[in-house]
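Taking it in order: structure first as structure tokens, then the write-up.
Here is how names work: the chains are called A, B, and so on, in the same order as the sequence lines, proteins then strands, and each is numbered from 1. Note that the coordinates shown come from a computational prediction; the quantities given were computed from them, not determined experimentally. Below, each value reflects all heavy atoms present in this structure, side chains not excepted, and no hydrogens, waters or symmetry copies.
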Amino acid sequence: MSEQGALTEAAYYILLSLLEPRHGYGIMQYVAEISGGRVHLAAGTLYGALTNLCDRGWIEERPGARGSRNKREYRITDAGREAVRRELGRLEELAGNGRRILGEAQE
Amino acid sequence: MEKRYRLFFDFEEEERWINERAAEGLLLRAVHYPRYDFERGEPGSYIYRMQLLRQGVRRPESRRYLEFLEEMGIEYVDHVGCWIYLRRPAAEGPFELQPDLDARIAQVGRVRTVMWVGLILEIVASAAQLPFLLDWAFGSGEAAWANLLVLLFGLGVAAAIGWELRRLDRKLHRMRSDRQIGES
């Protein structure tokens, strides 16, 4: 049984976006893009999530890399990769049950 | 530079007032409580937000946060204690700092704590006037008008804080029950 609780939408999307190194603004743009404009990460939320994910060891600041215009860059760690895979499994369970039960209810 | 004087208890009301001024072309540049300094600019060109930091602005954690905000195109305007005033050009779209409930609940919680400290201090300051007033009332002391004024003023402020605290508690309760359902 997995000990990991549900991730927030922000945490899930941030982990996915950091499979490639990005800085804060880049994460925000990428997440807005992949969510079709639905998810806009607010600066405060993003900072809190990045700090939290760093504390958990799921992401790290890329050492020495300050990217263009001196912005701090982040990337996912192996533990983070594992966490986002587990979360995907949880979401698939939710979606699968939803489709099945709602499908049955319509019959 | 245009100066306005206002006393706010409620940060949401304060933020709204600052944005109303910005819509009129008065852009906030500095805050020296209770004075707000504005400069004339393009009406509606900036959106302002306020946030209560956990620590003062000069602490390393706060500095890192402000640096991060700068990277995100958010400009630091000024601070009063742990409250920071921020702004972003309106042309970059809607500006929200922390729409998620957990962060907003935490902030309301911190505001409540500060208000409780204020309330207790006011009550203590008012209570400190009692010995003088009792001496006066029972004839053995000098006329203690100043003490009476301090007591009444203190009680007035305490009542205002108490009223605001009740409002915050109700808000916190609503937010916590919303949190049972979703993140924002």
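- Both the backbone and the side chain of B/Arg64 come within contact range of chain A, with heavy atoms under 4.5 Å apart.
- B/Arg21 forms no cation-pi arrangement with B/Tyr36, by the criterion of a distance under 6.0 Å to the ring centre and an angle within 45° of the ring axis.
- Shown here for A/Leu7 and A/Trp58, the closest heavy-atom pair between the two residues is CD2-CZ3, 3.5 Å.
- In the model, A/Arg100 has a side-chain atom that pairs as donor or acceptor with a side-chain atom of A/Asn97 under 3.5 Å.
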Salt bridge (charged side-chain N to carboxylate O under 4.0 Å, His left out) between B/Arg166 and B/Asp169, worked out
CA-CA 5 Å; B/Arg166 269 188 67 226; B/Asp169 278 340; over 6 Å; no
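- More than 12 heavy-atom neighbours from other residues, nucleotides or ligands sit within 6.0 angstrom of CZ on A/Arg81.
- Residues of residues 74-106 of chain B lying under 4.5 angstrom from chain A, judged on non-hydrogen atoms, are B/Ile74, B/Glu96, B/Leu97, B/Gln98, B/Pro99, B/Asp100 in numerical order.
- Here A/Glu87 pairs with A/Arg90 in a salt bridge; the nearest charged N to carboxylate O distance falls below 4.0 Å.
- By the neighbour-count criterion of 12 heavy atoms within 6.0 Å, atom CZ of B/Arg59 is sparsely surrounded, having that number or fewer from other residues, nucleotides or ligands.
- Contacts of B/Gln107 with chain A are absent, with no heavy-atom separation under 4.5 Å from either backbone or side chain.
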